[in-house]
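Before any comments, here is the structure.
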Amino acid sequence: QVQLVESGGGLVQAGGSLRLSCVASGRTFSTYSMAWFRLAPGKEREFVAAITWNANTYYADSVKGRFIISRDNGKNTVYLQMNTLKPEDTAVYYCAADPVKGYAGFITRSKVNSYDYWGQGTQVTVSS
């Protein structure tokens, strides 16, 4: 069982920045592929970014060039640095983990059902 705890959400003005963190339990974090998804009111859960166990990164087109996903295996933590935030980035952001070591690409890494474990979410609100 993998437990995920997100933090770092909050209220920020458009153009500002936030950094989300997700701490994972488990002794083999370095073999997990990790991702961030978001859920806005009235919309489906949306892929934001992913980082594989071997540090390949993938981004949704809507955040490419503004968001950066990274990981620190020594701290069992994955980060999402969000820059140049827009009101349309407002959502609950969820961390997700796939503990199965593999070599999947963007299509798999961007799907909700590729991940077995989810955090409780952290609210990000961007005011205009």
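Source: prediction; values computed, not measured. Every heavy atom of this structure was used, including side-chain atoms; hydrogens, water molecules and symmetry mates were not.
The stretch residues 4-25 participates, sequence neighbours left out, in no ring-ring contact (aromatic ring centres under 6.0 Å, His included) pair at all. Applying the ring-ring contact (aromatic ring centres under 6.0 Å, His included) rule to pairs touching residues 39-64 yields F37-F47, F47-F106, W53-Y103, sequence neighbours excluded. Legend: salt bridge (charged side-chain N to carboxylate O under 4.0 Å, His left out) pairs involving residues 82-99, not counting sequence neighbours, sorted by first then second residue: R38-D89, R66-D89, D98-R109. The salt bridge (charged side-chain N to carboxylate O under 4.0 Å, His left out) analysis of residues 68-77, with sequence neighbours excluded, yields no pairs. Note on residues 10-21: pairs passing side chain to side chain donor-acceptor pair (under 3.5 Å), not counting sequence neighbours, are S17-N83. Sorted by first and then second residue, the salt bridge (charged side-chain N to carboxylate O under 4.0 Å, His left out) pairs with a member in residues 48-61 read D61-K64; sequence neighbours excluded.
Nearest approach of S33 to Y115, heavy atoms of both residues: O-CE2, 3.9 Å. In plain terms, the two heavy atoms of A97 and V2 that are nearest each other are CB-CG1, 4.5 Å. Of all non-hydrogen atoms in W36 and V78, the two that sit nearest each other are CZ2-O, 3.9 Å. Across all non-hydrogen atoms, the minimal contact from P99 to Y32 is CA-CD2, 3.6 Å. Of all heavy-atom pairs spanning P87 and S128, the tightest one is CG-CB, 3.8 Å.
In terms of hydrophobic clustering, with Ile, Leu, Val, Met, Phe, Trp and Tyr side chains grouped at heavy-atom distances under 4.5 Å, V92 and V112 are assigned to a common cluster. Linking ILVMFWY residues whenever their side-chain heavy atoms come closer than 4.5 Å, directly or via other members, leaves L4 and Y94 in distinct clusters. The same ILVMFWY cluster, assembled from side-chain heavy atoms under 4.5 Å apart, contains both Y117 and L80. Clustering ILVMFWY residues whenever any of their side-chain heavy atoms sit less than 4.5 angstrom apart, transitively, puts Y79 in a cluster other than the one holding V23. In the hydrophobic clustering of this structure, I51 groups with F67; members are Ile, Leu, Val, Met, Phe, Trp, Tyr whose side-chain heavy atoms approach within less than 4.5 Å, directly or through other members.
A donor-acceptor pair under 3.5 Å is formed between the side chain of S114 and the backbone N or O of T108. Of the possible donor and acceptor atoms, none in the side chain of Q3 sits under 3.5 Å from a partner among the backbone N and O of S25. At distances below 3.5 Å, at least one donor-acceptor pair connects side-chain atoms of S110 with backbone N or O atoms of I107. Judged by distance alone, with hydrogens and angles left aside, the side-chain atoms of T125 form no donor-acceptor pair with the main-chain N or O of L11 at under 3.5 Å.
Looking at heavy atoms from C-beta onward, L20 lies out of side-chain contact with E6 at the 4.5 angstrom threshold. Between L85 and L18 the shortest side-chain heavy-atom distance falls below 4.5 Å. Between C95 and W118, every side-chain heavy-atom pair lies at or beyond the 4.5 Å cut-off.
Annotation: the span from T122 atom OG1 to Y93 atom OH amounts to 10.5 Å, rounded to 0.5 Å. Atom SG of C22 and atom CD1 of I69 lie 9.5 Å apart (nearest 0.5 Å).
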